[in-house]
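A short worksheet on the structure shown next.
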Amino acid sequence: MRRLFFLLILLSPCSLFAEDGSQLWLRYTPVDKHMVQQRTISLQAKDQTAQLAKQELEKYWRGSSISLRLDKKIKKLRDGYQIKGDGTGVEVVAAKPAGLLYAAYHLLRLQETETDIEHLDIEEIPDYDIRILNHWDNLDRTVERGYAGYSLWKWDELPKQLSPRYEQYARANASIGINATVLNNVNASPQILTADYLEKVKALADVFRKYGIKVYLSANFSSPKVLDGLSDSDPLRKEVQDWWKAKVKEIYQHIPDFGGFLVKANSEGQPGPQDYGRTHADGANMLADALKPYGGLVMWRAFVYNPTEEDRAKQAYQEFVPLDGEFRDNVIIQIKNGPVDFQPREPFTPLFGAMKNTAQMIEFQITQEYLGFSNHLAYLAPLFKEALDADTYSEGKGSTVARVTDGSIFKGKRTAISAVANIGEDMNWTGHHFAQANWYAFGRLAWNHQLSSEDIANEWIRQTFTNAANFVTPVRQLMMDSREAVVDYMMPLGLHHIFAFDHHYGPEPWGDRKGGRPDWMPWYYHNADTIGLGFDRTATGSNAVSQYYPPLDSIYGNMASCPENLLLWFHHVPWTHTMKSGRTLWAELCVHYDRGVQCVRTFQKTWDKLEPYVDTQRFKEVQSKLKIQAKDAVWWKDACLLYFQTFSKMPIPYELERPTHELEELKKIKLNMKQHN
Ligand code: GCV
């Protein structure tokens, strides 16, 4: 029996152990007693975060002895660290306790990825001061655009009962350098600011603090009126200002290190200062003044657009650029990476770099609202990098989105970077095992935006699955190809927002709702007609190109120089237009849709071959999700090509796979929203 057991271990080491993905990338195994006696982990500091760094290393570190030291004088490190090792011991220095904790996770990452852990000469300083997750979690525990079950925050049990997952969540974030979290949806319930909820928030903040994580809240601008019956919430009225001052004071009594507010105002029906004829600056500044004495911040979102004649993609710029310089220094404008809404591919929002006297931060979406929810494997580091590395030209060549937000060009401001979380109470946290990689990648890029997507994938795979090269290499390739595959089978060549109404999962390029907002309809974006396809944003169209600094305005504005992957974002292109490949636009579109489908089929083949390297549960769960993705890819391809073909009247190139659906059949599909939303 025993022999059989060992034989099984040899043949299939992974499948013997049940795995549900709950351990994320944190699979360290405790060292044995013998090892503990061989090396010491020393620390001269009582701080609980520094102590935690020591505990993590004591429990899991297999290398030589480590000395952890705090030196407040090395200010340039901020919450970073230095690590030096010569084979006989390791020295870690940080200016702040959190720096020691991040260093501990750095060392453990090296160990788990089988990198040299003895000869070390490392200095890490984070690119952004605040690296923050935005949870779109409602107080009834539903999650807006959440695809991993209900919210982690069990409001009805708090503050008395503390789920062990709160600490696991904090630890996972700390391990990748995330140091802040907004607990509730930007479509905020005023209730979050009531005394009862503040007790609950305090309980969470108390758990997170040890891991260096600060809590922020989304605030509803009408809170004074809704919660305490003030006649209005006009930011220029003293009574309203006093209300916020008192509320902020109350918050800091509970949570002395409270981070501040995130605000969605005058956007998609949310209240805001414009309800009283005031500006975004008036609203943000009122909150900033209340927070200032405590060091708190306002993250004020620029996601604003109204159903006017004006191109939706232009509106944030139009609204915010005139307010440049009017915001207090503890306000940061939080701007989505793209000018419409977290699409599979968008150009960067032209507001980046266009407000030279106002702090700006980027908002990404980790949750895959527009990339197949938690059903599709889409590794998002390439999307994040594409936005961060985009050159705005605002201060000349090299003024990338990363550099205009990380303080290297506009100095002296607090810097931040954010992303909408994909976390829920599913055992594997994110619904899809590979969606964990997007949480991981955001944290790593928030720490260092120079890291490559490949390197991040490499680290994540090795820590989450195995170091076996036969697994790491193909999976890394699969991940690297995955975002482009989604773009190809959903919206290639700059197409955008042709999703089914409201749930944003399946295709509905034909979608229309009588009386609905035009800018919520697919036709508004694709403009298909007998001549061609795409949104004319050049000078002859909405002129959104004029919001970009030269030379981008003319690069984007000219069909010949516009990057083909954004062509239909900026141009209405004739079906017969010759693309760089020599094909017509129509044929090129078909090739992209087909490529997306073929790519997912390749992912399936790759994954199936890797069964010997993965535990059974995760293998099967990923395999099932890939089946859904493959079916969905064909659905997308057929729906879009058959629909656009009614305008182009051209044949799908004969060498490509033929459609397997009828257009009319596809038009009848109505998704079960409970399943998908
Ligand atoms: C939180 C999109 C989403 C909304 C979201 C909004 C926002 O419109 O579909 O669910 O609301 O963005 O970012 O505020």
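In listed order, ligands and their atoms are each counted from 1. Heads up: numbering here begins at 1 and tracks the sequence. Please read all numbers here as calculations on a predicted model, not as lab measurements.
Glu319 and Asn266 are not linked by any side-chain donor-acceptor pair at a separation below 3.5 angstrom, with hydrogens and angles left out of the test. Residues Arg517 and Tyr524 bring no donor and acceptor atom of their side chains to less than 3.5 Å of each other.
Looking at Glu346, its side chain does come within 3.5 Å of a backbone N or O of Gln343 through a donor-acceptor pair.
Here the two rings, on Tyr197 and Trp153, have centers that are 6.0 Å apart or farther.
Nearest heavy atom pair, residue Asp137 against residue Leu152, reads OD2-N, 4.1 Å.
A heavy-atom cutoff of 4.0 Å around ligand 1 is satisfied by the protein residues Trp136, Glu144, Arg145, Asn185, Val186, Asn187, Lys264, Glu268, Arg301, Phe303, Lys336, Asp341, Glu369, Tyr370, His504.
Inter-residue side-chain proximity for Ile132 and Met361 is flagged as met; some heavy-atom pair is nearer than 4.5 Å.
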